[in-house]
Amino acid sequence: MFRTLLAATLFATPLLAVPALAHEFKAGELTIGHPYSFEVPSSARAAAGYLSITNTGSAPDRLVGVEAKVGNPMIHLSEEKDGVARMTHVEAVEIAPGQTVTLAPGGYHVMFTGLNGTPWTAGEKIPATLVFEKTGKVPVVFNVEARKDGGADPHAHH
């Protein structure tokens, strides 16, 4: 009996841990994976947010906006052209059927501008709402994480 209970516990524990580690949100045919940001000091004027969006449906959808009580969130694209890094506001990001779009450092991201002097510290949760053209509004939470390289968020000076 004890061996059966021990075996069941050992095999079930990893399965039970997966949902706790998973940080995703689902709405209709979309799955939003692991929204996160990096910690920023109180002097930061902005912070960037990252996530993935998977469209399991048969029709495209578009991320057209982000709403939050913190700052003024917008969708931006960072790109390097002729050795010069540029960041621009974009109106929308299309998510084709069967595709995953990743908002990550160096590409598309959510830019939280107009921060009010409050630092974002590791472990903090930033509630926001992603606005999609077809799916509508999807509440998510951005987890604030420590930078692995110890550096500051390159977007913090905006």
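We count residues from 1, following the sequence as given.
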Determine whether [X] and [Y] make a side-chain contact, defined as any pair of heavy atoms from C-beta on separated by less than 4.5 Å.
X	Y	result
Y108	T102	no
T100	I53	no
E124	E145	no
N143	K125	yes
H109	S78	yes
L63	V131	no
L130	F25	no

Please name the pair of heavy atoms, one in [X] and one in [Y], separated by the smallest distance, quoted to 0.1 Å.
X	Y	value
E24	G33	CB-CA, 4.1 Å
F112	A68	CE2-CB, 4.0 Å
V140	P35	CB-CG, 4.2 Å

Quick one: pull up [atom1] in [X] and [atom2] in [Y] and give me the separation to the nearest 0.5 Å.
X	Y	atom1	atom2	answer
L30	N55	CG	CG	5.5 Å
E94	D61	CD	CG	9.0 Å
S52	L103	OG	CG	8.5 Å

Decide side chain to side chain contact (heavy atoms under 4.5 Å, CB included) for T113 and M74; before the verdict, give the C-alpha distance in whole Å, the side-chain angles of both, and the deciding distance to 0.1 Å.
CA-CA 8 Å; T113 61; M74 295 180 270; 3.7 Å; yes

Please confirm whether the ring centroid of Y36 lies under 6.0 Å from the ring centroid of Y50.
yes

Counting only N and O atoms by type, is there a donor-acceptor contact under 3.5 Å from the side chain of [X] to the main-chain atoms of [Y]?
X	Y	result
H76	A48	no
K134	P60	yes
T31	T54	no
T129	P139	no

Show the numbers, then the answer: is there a side chain to side chain contact (heavy atoms under 4.5 Å, CB included) between I95 and R62?
CA-CA 6 Å; I95 305 96; R62 296 178 353 129; 5.6 Å; no

Quick check: is V101 connected to I75 through a chain of hydrophobic side chains (ILVMFWY, heavy atoms under 4.5 Å apart)?
yes

Are V66 and V64 grouped together when hydrophobic residues (ILVMFWY) are joined by side-chain heavy atoms under 4.5 angstrom apart?
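Different hydrophobic clusters.
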
If you apply the rule side chain to side chain contact (heavy atoms under 4.5 Å, CB included), what do you find for V138 with I32, and how did you get there?
CA-CA 9 Å; V138 180; I32 294 93; 3.9 Å; yes

Go through the steps for E79 and M87 under the test side chain to side chain contact (heavy atoms under 4.5 Å, CB included), then give the verdict.
CA-CA 6 Å; E79 52 190 348; M87 184 172 50; over 6 Å; no

Holding to salt bridge (charged side-chain N to carboxylate O under 4.0 Å, His left out), I want the full list of residues that pass it with K137, two or more places apart in sequence or in another chain.
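Salt bridge (charged side-chain N to carboxylate O under 4.0 Å, His left out) list for K137, sorted by chain: E67.
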
Can I get a per-line list of side-chain donor-acceptor pairs under 3.5 Å for residues 115-122, giving both atom names and the distance, sequence neighbours left out?
{"unit_1": "N116", "atom_1": "OD1", "unit_2": "T118", "atom_2": "N", "d": "3.3"}
{"unit_1": "N116", "atom_1": "OD1", "unit_2": "T118", "atom_2": "OG1", "d": "3.0"}

Does CD in E80 sit with more than 12 non-hydrogen atoms of other residues, nucleotides or ligands closer than 6.0 Å?
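Counting other residues, nucleotides and ligands, CD of E80 exceeds 12 neighbours.
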
